[in-house]
Engineer: 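Quick one: this structure, given as structure tokens, is what I'll be asking you about.
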There are 2 protein chains.
Amino acid sequence: MSASEQPMRVLRPEKTLRELALEKMRDAIVNMHFRAGERLVERDLCDQLGVSRTIVREVLRHLESEGLVAIQQNRGPIVAETTPEEARQIYEIRGVLEGIAAKACAIQKDPAVVAELERILARIRAAYAANELAAVLSATTDFYRTLFENSGRHVAWGIVNSITARINHLRSMTIKTPDRDKQGPAQMQKIIDAIKAGDGAAAYEAANVHVTNAAAIAEALLAEQQGAKAR
Amino acid sequence: MSASEQPMRVLRPEKTLRELALEKMRDAIVNMHFRAGERLVERDLCDQLGVSRTIVREVLRHLESEGLVAIQQNRGPIVAETTPEEARQIYEIRGVLEGIAAKACAIQKDPAVVAELERILARIRAAYAANELAAVLSATTDFYRTLFENSGRHVAWGIVNSITARINHLRSMTIKTPDRDKQGPAQMQKIIDAIKAGDGAAAYEAANVHVTNAAAIAEALLAEQQGAKAR
DNA sequence: CCGCATATTATGGGATACCATAATATCACT
DNA sequence: AGTGATATTATGGTATCCCATAATATGCGG
């Protein structure tokens with residue numbers, strides 16, 4: 001059969017308007033094109049996105065369930081503010097979830113995955129060296145995605161992805177921290193080493209340490225901000 | 001002051017129609033008033049819920065983001081089916097999240113929380129004895145809610161709550177299993193004991209074991225079903 | 001000029017009616 | 001029987017309504 005290799009399916013990427021609007025809005029919020037706490041007036045968003053109010057409302061509801069938008073009684077949606085305490089909780093959750101993904105990878109011990117992770121880590125180091133912080137962030141996301149998807153942890157990846165969006169501003173701050181360009185990659189290397197060794201417990205630990213470390217940096221930065229404000 | 005104790009606030013539970021519809025729909029799906037995979041025709045739901053299509057659409061979108069509804073290209077929403085593999089992942093996630101909540105409780109070691117947990121566990125035992133399975137489920141949910149909320153893990157509780165909805169049918173099956181009426185409460189007692197002793201690691205382990213056990217039972221039941229179908 | 005009551009406006013919550021299109025079902029013809 | 005044309009159903013999406021309420025502006029009496 002000529003079609004046995006390539007299943008010849010006619011795929012259609014045709015996303016709905018709603019999905020496009022959702023991505024645009026999520027992107028806008030995550031990249032802070034709105035101030036935290038800013039009101040999101042439905043009719044204004046209709047103009048800005050060029051879609052009807054129906055769509056805007058569906059999108060806002062969706063983002064609410066992701067925690068990026070908060071809807072207050074009779075006042076409508078605003079950009080959700082993530083408190084330091086919530087950020088702490090989010091880092092804690094990421095710590096254990098990334099831990100189990102890393103552990104699962106270690107147990108599988110797939111050389112292809114190890115190679116992929118090493119390629120991505122090289123990209124991260126290069127991005128740090130070139131001081132391209134956006135590239136650091138996206139490559140780091142790739143690193144974790146690889147961990148999750150290759151161990152079949154799709155549900156967990158969905159959760160991590162969703163909650164990480166709420167602390168994106170902290171992520172971009174932590175990677176700018178002095179020495180993080182060495183510490184971060186070093187910790188990720190440990191994850192890879194543990195996977196290569198097939199050591200599940202060590203992989204869990206290494207992934208957990210990496211997140212816990214980022215959490216500590218973020219907490220320090222927030223405390224500093226708080227201090228500066230009180231001054 | 002006569003009003004000092006009871007702050008005399010005129011609270012308004014005034015939920016929006018949308019929220020009411022959302023709860024009704026979620027309830028209907030979780031309690032399997034729809035078959036898995038069944039199409040959810042918007043206009044029909046309008047009639048059944050007595051609300052406009054606007055609301056129904058927002059609700060369906062919301063439930064999609066919770067994973068209870070799946071929306072397929074140009075065919076509209078259907079009741080999402082949770083595969084055995086997804087169920088496995090969900091149990092794994094619950095295992096670690098309930099673990100960290102239990103651990104946090106153990107570190108706090110609050111006698112009031114311990115007392116509360118023991119009250120709830122007594123209710124669970126009573127419900128098992130009376131063979132009131134719905135009461136077992138709701139009390140078990142209370143047990144875990146107590147663990148999460150009293151350790152301030154609100155974000156994690158939200159996640160657990162949401163993913164647990166997707167395996168509700170398995171939950172009601174596992175608690176019917178022979179011996180689960182003894183094993184389950186015994187494992188929960190271990191969690192309480194560890195908290196009482198302030199032993200974080202033991203509390204994590206006990207909570208994790210409880211969930212892992214439920215997962216194993218569910219997996220066995222699913223395998224059995226599969227076998228029966230193939231017969 | 002201040003305090004209060006009263007418009008006014010902005011906006012959300014919700015409902016309808018409508019259109020275009022895709023998927024499906026029906027049917028008629030050869 | 002199988003092909004093609006047609007009708008039906010339902011989604012994706014839009015445009016407007018209406019009403020209730022929160023915030024703001026306005027105005028008036030002292």
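By convention in this document, chain letters (A, B, ...) are assigned in the order of the sequence lines, proteins followed by strands, and residues within each chain are numbered from 1.
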Engineer: Can you tell me which nucleotide in dG13(D), dG13(C), dA15(C) comes closest to the side chain of R61(A)?
Structural biologist: dG13(C)
Engineer: Considering only side-chain heavy atoms of R75(B), which listed nucleotide, dA23(D), dA23(C), dA15(C), is closest?
Structural biologist: dA23(C)
Engineer: Can you identify which nucleotide, out of dA15(C), dT21(D), dG12(D), has its nearest atom closest to the N74(A) side chain?
Structural biologist: dT21(D)
Engineer: Once you round it to whole Å, what is the distance between P of dT16(C) and CZ of R57(B)?
Structural biologist: 16 Å
Engineer: Nearest nucleotide by nearest heavy atom, which residue falls closer to the 5' end of DNA chain D, D44(B) or T54(B)?
Structural biologist: D44(B)
Engineer: Main chain of R180(A), side chain of T177(A): is a donor-acceptor contact present, judged purely on distance under 3.5 Å?
Structural biologist: no
Engineer: Between R119(B) and T146(B), is any side-chain donor less than 3.5 angstrom from a side-chain acceptor?
Structural biologist: no
Engineer: Check the distance between dA20(D)'s P and K15(B)'s NZ and give it to me in whole angstrom.
Structural biologist: 23 Å
Engineer: Could you tell me if E66(B) and H62(B) have a donor-acceptor pair between their side chains, going purely by distance under 3.5 Å?
Structural biologist: yes
Engineer: Closest approach to the side chain of R53(B), judged atom by atom: which nucleotide of dT14(D), dG13(D), dG14(C) is it?
Structural biologist: dG13(D)
Engineer: For a quick check, tell me whether the side chain of R39(A) and the base of dG12(C) share a donor-acceptor pair closer than 3.5 Å.
Structural biologist: no
Engineer: Starting from P on dT11(C), measure out to CD1 on I71(A) and report it in whole angstrom.
Structural biologist: 16 Å
Engineer: V51(A) side chain: which of dG13(C), dG12(D), dT14(D) is closest?
Structural biologist: dT14(D)
Engineer: Q72(A) has an atom CD; how far is it from atom P of dA23(D), in whole Å?
Structural biologist: 9 Å
Engineer: Rounded off to whole Å, could you give me the CZ-to-C1' distance for the R18(A) and dT21(C) pair?
Structural biologist: 18 Å
Engineer: For the pair made of CD in E42(A) and P in dT16(D), what is the distance, rounded to whole Å?
Structural biologist: 17 Å
Engineer: Using 4.0 Å as the upper bound for N to carboxylate O, is an ion pair formed by R94(B) and E98(B)?
Structural biologist: yes
Engineer: Assign L40(B) to base, sugar-phosphate, or nothing according to its heavy-atom contacts below 4.0 angstrom with the strands shown.
Structural biologist: sugar-phosphate
Engineer: Could you tell me the separation between the CG atom of L17(B) and the P atom of dG12(C), rounded to a whole number of Å?
Structural biologist: 18 Å
Engineer: Is it true that R88(B) and E85(B) make a salt bridge, defined as a side-chain N closer than 4.0 Å to a carboxylate O?
Structural biologist: yes
Engineer: Whole Å only: how far is the CG atom of L60(B) from the C1' atom of dA10(D)?
Structural biologist: 13 Å
Engineer: Do the side chain of R43(A) and the base of dG12(C) come within less than 3.5 angstrom through a donor-acceptor pair of N or O atoms?
Structural biologist: yes
